[in-house]
**Q** 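My questions will all concern the structure given below.
Lettering of chains follows the sequences in order, A, B, ..., and the numbering in each one begins at 1. Just so it is clear, the structure is predicted and the values come from calculations on it, not from any experiment.
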Amino acid sequence: MAKAGKYYVVWVGREPGLYRTWASAEQQIKGFAGALFKSFATQAEAEAALAAGPGSQSSASGRASGSSQTSGRASAAKANPLAASNYPKGEALCVDAAWNSVQKQMEYQGVWLSSGELLFHQGPFAMGTNNIGEFLALVHALAWLDKQGDASMPVYTDSMTAMAWVRKKKANSQSLAEGRISPELVALMTRAEHWLQAHPKHNPVKKWLTKEWGEIPADFGRK
RNA sequence: ACAU
DNA sequence: TCATGT
Ligand SMILES: [Mg+2]
Ligand SMILES: [Mg+2]
């Protein structure tokens with residue numbers, strides 16, 4: 001997670017560009033031979049540095065330490081998502097879920113768009129699914145905002161499934177229907193559906209455009 | 001196909 | 001490559 005308000009420039013890495021969280025920037029440079037990166041306090045500084053290149057830095061930019069790998073992955077987002085004309089303006093909450101296929105556990109969290117600051121984190125939970133995590137994260141954010149008396153703050157998710165379940169106030173989960181979900185999560189799902197039915201006019205839910213803006217700030221990294 |  | 005979903 002970002003320590004409120006930092007901007008990370010990666011000049012050399014798997015996918016060079018501008019990142020809002022250390023988790024996402026680290027993915028680009030960890031284990032990448034010859035990686036070059038640096039953090040900045042403001043967007044303007046970061047954008048200027050990204051455009052100018054690593055050679056323009058007078059001090060303390062990061063260099064890859066030990067490792068060796070040079071391969072990357074196909075480019076997804078643009079190098080500077082913040083420059084996209086449709087990038088979200090103003091404050092918002094961002095949520096995401098992750099599935100740990102090694103530990104077989106799901107977790108989810110919510111962060112502020114502007115700073116990357118963690119607002120909530122739940123889990124890990126056994127016997128879950130990606131979609132159940134995305135759904136619970138989204139409803140958790142909506143309920144939290146309602147409790148604060150904030151009816152206008154938008155909530156971003158990258159999950160079409162979670163958006164559909166919230167819209168219908170019903171989670172169409174195969175795993176749930178077939179009894180593969182833990183009692184704890186079943187209870188949370190039931191509670192979430194009931195909350196939605198009791199609060200038909202919840203805050204606006206918006207789709208995070210990962211292809212245009214890069215990973216949602218609430219993303220967990222490992223993928 | 002699209003989103004995870 | 002697999003699983004969860006619209
Ligand atoms: Mg997600
Ligand atoms: Mg993610």
**Q** Might you list the N or O atoms of the protein lying below 3.5 Å from N or O atoms in nucleotides 2-6 of chain C, with each pair's distance?
**A**
{"residue": "C:dT4", "atom": "OP1", "partner": "A:Arg180", "partner atom": "NH1", "Å": "3.1"}
{"residue": "C:dT4", "atom": "O4'", "partner": "A:Asn130", "partner atom": "OD1", "Å": "3.2"}
{"residue": "C:dT4", "atom": "O3'", "partner": "A:Asn131", "partner atom": "ND2", "Å": "3.4"}
{"residue": "C:dT4", "atom": "O2", "partner": "A:Asn130", "partner atom": "ND2", "Å": "3.2"}
{"residue": "C:dT4", "atom": "O2", "partner": "A:Asn131", "partner atom": "ND2", "Å": "3.0"}
{"residue": "C:dG5", "atom": "OP1", "partner": "A:Thr129", "partner atom": "OG1", "Å": "3.0"}
{"residue": "C:dG5", "atom": "OP1", "partner": "A:Ser173", "partner atom": "OG", "Å": "2.9"}
{"residue": "C:dG5", "atom": "OP2", "partner": "A:Gln174", "partner atom": "N", "Å": "3.2"}
{"residue": "C:dG5", "atom": "O5'", "partner": "A:Asn131", "partner atom": "ND2", "Å": "2.9"}
{"residue": "C:dG5", "atom": "O4'", "partner": "A:Asn131", "partner atom": "ND2", "Å": "2.9"}
{"residue": "C:dG5", "atom": "O3'", "partner": "A:Trp165", "partner atom": "NE1", "Å": "3.4"}
{"residue": "C:dT6", "atom": "OP1", "partner": "A:Trp165", "partner atom": "NE1", "Å": "2.8"}
{"residue": "C:dT6", "atom": "OP1", "partner": "A:Asn172", "partner atom": "ND2", "Å": "3.4"}
{"residue": "C:dT6", "atom": "OP2", "partner": "A:Asn172", "partner atom": "ND2", "Å": "2.9"}

**Q** Nearest whole Å is fine: how far is B:rU4 C1' from A:Met106 CE?
**A** 14 Å
**Q** So, is A:Lys207 near the phosphate of B:rC2, with a side-chain N or O under 4.0 Å from OP1 or OP2?
**A** no
**Q** Keeping A:Lys207 on the side-chain end and A:Asp158 on the backbone end, is there a donor-acceptor pair under 3.5 Å?
**A** yes
**Q** Check the pair A:Asp146 / A:His199 against side chain to side chain contact (heavy atoms under 4.5 Å, CB included), numbers first and verdict last.
**A** CA-CA 9 Å; A:Asp146 178 67; A:His199 300 81; 3.7 Å; yes
**Q** Could you tell me whether a side-chain N or O of A:Gln27 sits under 3.5 Å from a main-chain N or O of A:Gly221, the two making a donor and an acceptor?
**A** yes
**Q** Roughly how many Å is it from CD in A:Glu134 to P in B:rU4, rounded to a whole number?
**A** 9 Å
**Q** List the steps and the verdict of side-chain hydrogen bond (donor to acceptor under 3.5 Å, both in side chains) for A:Asp150 and A:Trp144.
**A** CA-CA 9 Å; A:Asp150 185 332; A:Trp144 186 88; over 6 Å; no
**Q** List in chain and number order the residues that pass salt bridge (Lys or Arg N to Asp or Glu O under 4.0 Å) with A:Arg180, two or more places apart in sequence or in another chain; answer none if no residue qualifies.
**A** A:Glu178
